[in-house]
Amino acid sequence: MGKPTLAGDFQSVIIIGVKSRKCTMIQNIFKYARYVFMILLALSVLAVLAFGPHGGAAVPPHRVVIEYWEKWTGNEARQMRKIVHSFNQTVGRRRGIYVRYLSTSNIDQKTLIATAAGVPPSIAGLWDMDLAAFASLGALTPLGRYAREYGITAKTYQPVYWRACHYHGHLYALVSTPMAVALLYNQQIFEQNAKKLRAAGLNPRQPPKTLAQLNRYARVLTKFGPHGRLIRAGYLPITSWYVDETYLWFGGRIWNRRTRRFTLTSPPVIQAYRWIQSYSRWLGVRAMMGFYSGLSNFDSPQNPFLTGQLVMEQQGPWMANYIEYLKPGMSTLRLPKKLELKMPLRKRVKNYAWAFAPFPSAVPGLKNVTYAGFDCFVIPRGAPHPRKAFAFIAYVNRQKVMERLCMMQGKNSPLARVSRNFLDHSKNPYVNVFEKLAGGPNAHGLPRIPIMPRVYAELNIVAQRVALQEAAPRQALARAQKRLQRQYDRYETIQRLRRAEEGKCPGAGKCTPPDLAPR
Amino acid sequence: MVHTKIETRNFLKGMAFLSPWLIGLATFLAIPIGLSLYLSFCNYPLLQPPIFIGLRNYSHMIHDPVFWTALGNTLAYAAMALPVGMIIALGAALLLNSKVRGLSLYRTLVFLPSLLPAVASAMVWLWLFNAKLGLLNFVLRKVGVAHPPAWLSSPRWAMPALVLMSFWGIGNTVVIYLAGLQNVPRELYEAADIDGADGWRKIRHVTLPCISPVIFFNLVMAIIGTLQNFTAPYIMTGGGPVRATYFYTMYLYDSAFKYLRMGYASAMAWVQFLLILALTGLAFWSARHWVHYQGR
């Protein structure tokens, strides 16, 4: 290292001076940058607070808040919110009630857990399938007393819905919106294949009237591509959400309420599953599953009915609502919607590429068969303000309000009386088909079995095994019957044990559990 | 042993600082674990108080065909996904440990899928496996397979499809292998070179023994992970078709929240815990023969 010189020292001083000036500048920049950063952070927090996502609308003062959990999202949630808003503006304001709507996925499980924890919502929107299981465990508040106060009786309702709202003689639910299952078919594809249909002795302007006819329509309308690939299915039982209720169209039942035995091996039920299997025998398992696996989601523009991959299907009335926003062109063939709604019904139906008709039955003479299900309001056990909660339920069950909601969702009404306006101006021009089906003697609700979710799981497996030709229908049903009966019997035994433990009967095995008491 | 006042005070202070964790551990872990053991001997439908039924839940399990189906599916999945997954992850790590251009990019690409939420991955794979529109069948058709599988709708192909999908998330395992590979002493490779060892012999006699503790760690984690597989099959197949992909944890979940048999589900959880414990124990026992720690 060289000896330091004056010039060198001077140079060093200059360098140090420049460096120190630079350092001060950098320090200053950092110092100010810190403040600027903090101000920016504070501003962004304020911006999020001011313009970001907000909770529900503020509750007006002096109102009791009723928490309402509902499964619906999207369009259906928006439509129900309108009803909630109307209530809050009218009856709610008068009576000091404010209903707060909350869209909740897995509503059954969340209601269950909240109820078990002792913090349930005031109102929960469940499915008909959940009622027996929840009611048998005492998880629901009986609504009979409240319903009578509001004049809601058996006469108010269509019998099929009223019956299904009961468990063990008690009313546990009221319908929020109902449904019935009918045949949805694509009229345009019928017309495009008019020649072929006529050649097969079928009328392209009419839906099938019997199940045998439906099979013939399906054969004509089904289309295969190269390598035997299925391109379009006229009808395919396994695509139906209601494949587990097929037995109804064969005049069958899966449960004997009197003997409390499953009847899965009764001839009509076996026939129903043979019919399901007949399609995979005809199409071939590989072609059928290849097609089935390629189908897209229900709630998307690729819905197989909307894309023309499925010509006929079992469907509920809400499909009108879905078609309107997923593929509006199918519901406005000739006129814009606003103009069409002002026209008489017989002219309105010409505006649609699709139509509904009763799903044909396999039994001669058995007409207008349907499964009539519903979404329902319940008040869970221990829910706060049950009386005020019921005020909202009763409000929705007013004829005008119910018709407004069902019109928005394209559904039929659960009430015994419907107005002409409802039938003529619903967005679903076939709502009268559903009214007729639900009001008829062959409308069936679900059997009220406390282990219903397990019944569905088993029936679903039977349908899959049969469709995949993994088992003969009789064999698959016999297996399911054995398992379900064992599970039900076990449920009964435990209920007896419980009653014995609670001291409500002399000893285990000697008393009748609540669901076994005579009706 | 005599404790001074200061020691006692320090102990209490220490406990006070620890208490948030201790309370959390007791409330959210220890008490629920203890309760679940008790509930496994009860009938508890959630909405009614539990009643003691002794060993009945466990005896029902033995006679429950769905329990055996779910257990069989889970073990079959583990038997396929675990070894193949580990081999693929190790292979990928070995490749990513070599010096090639764009290495950081490749490493990022391998790790990226494991950052995706499980639900999002499942949705992506649902489309990939779509029999008609899926990319997988598109490629298969292009290479001349006239009837590609219906993947998730076929009882034969649904399980292999889920196994295939599980390889998508090997990024984490690869990163751990990479860390292990970078700790292998270079002089061992140099010695092997002098001895004339080829690439495979170096992997067989140098790399694998040196990273055997890492392989062991990944094996234990994979045993636990594969036996708890839930999200992908729940979203993609719902356990179907014909319960071909109905896993143990899915049946446990359904028993608790769908069929309202919390007692039975608790018993299943304990059986699962014992099963994982046994398999992990087996892995630890076998480790004596194939895991080599440096300095031992």
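By convention in this document, chain letters (A, B, ...) are assigned in the order of the sequence lines, proteins followed by strands, and residues within each chain are numbered from 1.
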Would A:Arg229 and B:Arg141 satisfy side chain to side chain contact (heavy atoms under 4.5 Å, CB included), going step by step from the backbone distance to the final call? CA-CA 12 Å; A:Arg229 212 180 303 148; B:Arg141 278 192 205 103; 3.6 Å; yes
Measure the spacing between OG of A:Ser296 and NZ of B:Lys132 and express it to the nearest 0.5 Å. 8.0 Å
At a heavy-atom separation under 4.5 Å, does A:Gln487 approach chain B through its side chain, its backbone, both, or neither? neither
Quick check on the interface: out of A:Pro453, A:Gly228, A:Ala133, A:Pro226, who has the most heavy-atom pairs with chain B under 4.5 Å? A:Pro453
When you look at CZ of A:Arg232, are more than 12 heavy atoms from neighbouring residues, nucleotides or ligands closer to it than 6.0 Å? yes
Hey, does the side chain of A:Arg381 reach the backbone of B:Leu47 with a donor-acceptor pair shorter than 3.5 angstrom? yes
Please flag which part of A:Arg286 lies under 4.5 Å from any non-hydrogen atom of chain B: side chain, backbone, both or neither. side chain
Residue from B:Ser154, B:Pro149, B:Pro241, B:Pro148 scoring the most non-hydrogen pairs under 4.5 Å with chain A is B:Pro241
Got a sec: does the CZ of A:Arg490 have more than 12 other heavy atoms crowding it under 6.0 Å? yes
Residue by residue, which of residues 117-130 of chain B have a heavy atom closer than 4.5 Å to a heavy atom belonging to chain A? B:Trp127, B:Phe129, B:Asn130
Using a cut-off of under 4.5 Å on heavy-atom pairs, state which of B:Ala256, B:Pro65, B:Gly239 scores highest against chain A. B:Pro65
Under 4.5 Å to a heavy atom of chain A? For B:Tyr246 that would be neither
Please name the pair of heavy atoms, one in B:Pro155 and one in A:Leu468, separated by the smallest distance, quoted to 0.1 Å. CG-CD1, 3.5 Å
Honestly, the part of B:Leu133 sitting under 4.5 Å from a heavy atom of chain A is side chain
Applying a heavy-atom distance below 4.5 Å, give me the residues of residues 107-126 of chain A that approach chain B, sorted by number. A:Gln109, A:Leu112, A:Ile113, A:Thr115, A:Ala116
Between A:Arg483 and B:Val66, is there a side-chain heavy-atom distance shorter than 4.5 Å? yes
Examine whether an atom of B:Asp64 lies under 4.5 Å from a heavy atom of chain A, and if so say whether it belongs to the side chain, the backbone or both; otherwise answer neither. side chain
Roughly how far, to the nearest 0.5 Å, is the CG atom of A:Leu497 from the CD1 atom of B:Ile51? 4.0 Å
Give the member of A:Glu470, A:Arg454, A:Met289 that has the highest number of heavy-atom pairs under 4.5 Å with chain B. A:Arg454
Proximity breakdown for A:Ile451 and chain B, heavy-atom pairs closer than 4.5 Å: neither
Examine whether an atom of A:Gln309 lies under 4.5 Å from a heavy atom of chain B, and if so say whether it belongs to the side chain, the backbone or both; otherwise answer neither. side chain
Within-4.5 Å side-chain heavy-atom neighbours: B:Pro45 and A:Ile494: no
Grab the two heavy atoms, one from B:Ala131 and one from A:Gly290, that are nearest each other, plus how far apart they are. CB-O, 3.5 Å
Chi angles and distances behind the side chain to side chain contact (heavy atoms under 4.5 Å, CB included) call for B:His60, A:Arg486: CA-CA 11 Å; B:His60 284 165; A:Arg486 202 189 302 144; over 6 Å; no
Side chain / backbone / both / neither for A:Asn460 at chain B, heavy atoms under 4.5 Å: neither
When you measure from the side chain of A:Arg498 to the backbone N and O of B:Asn43, does any donor-acceptor pair fall under 3.5 Å? yes
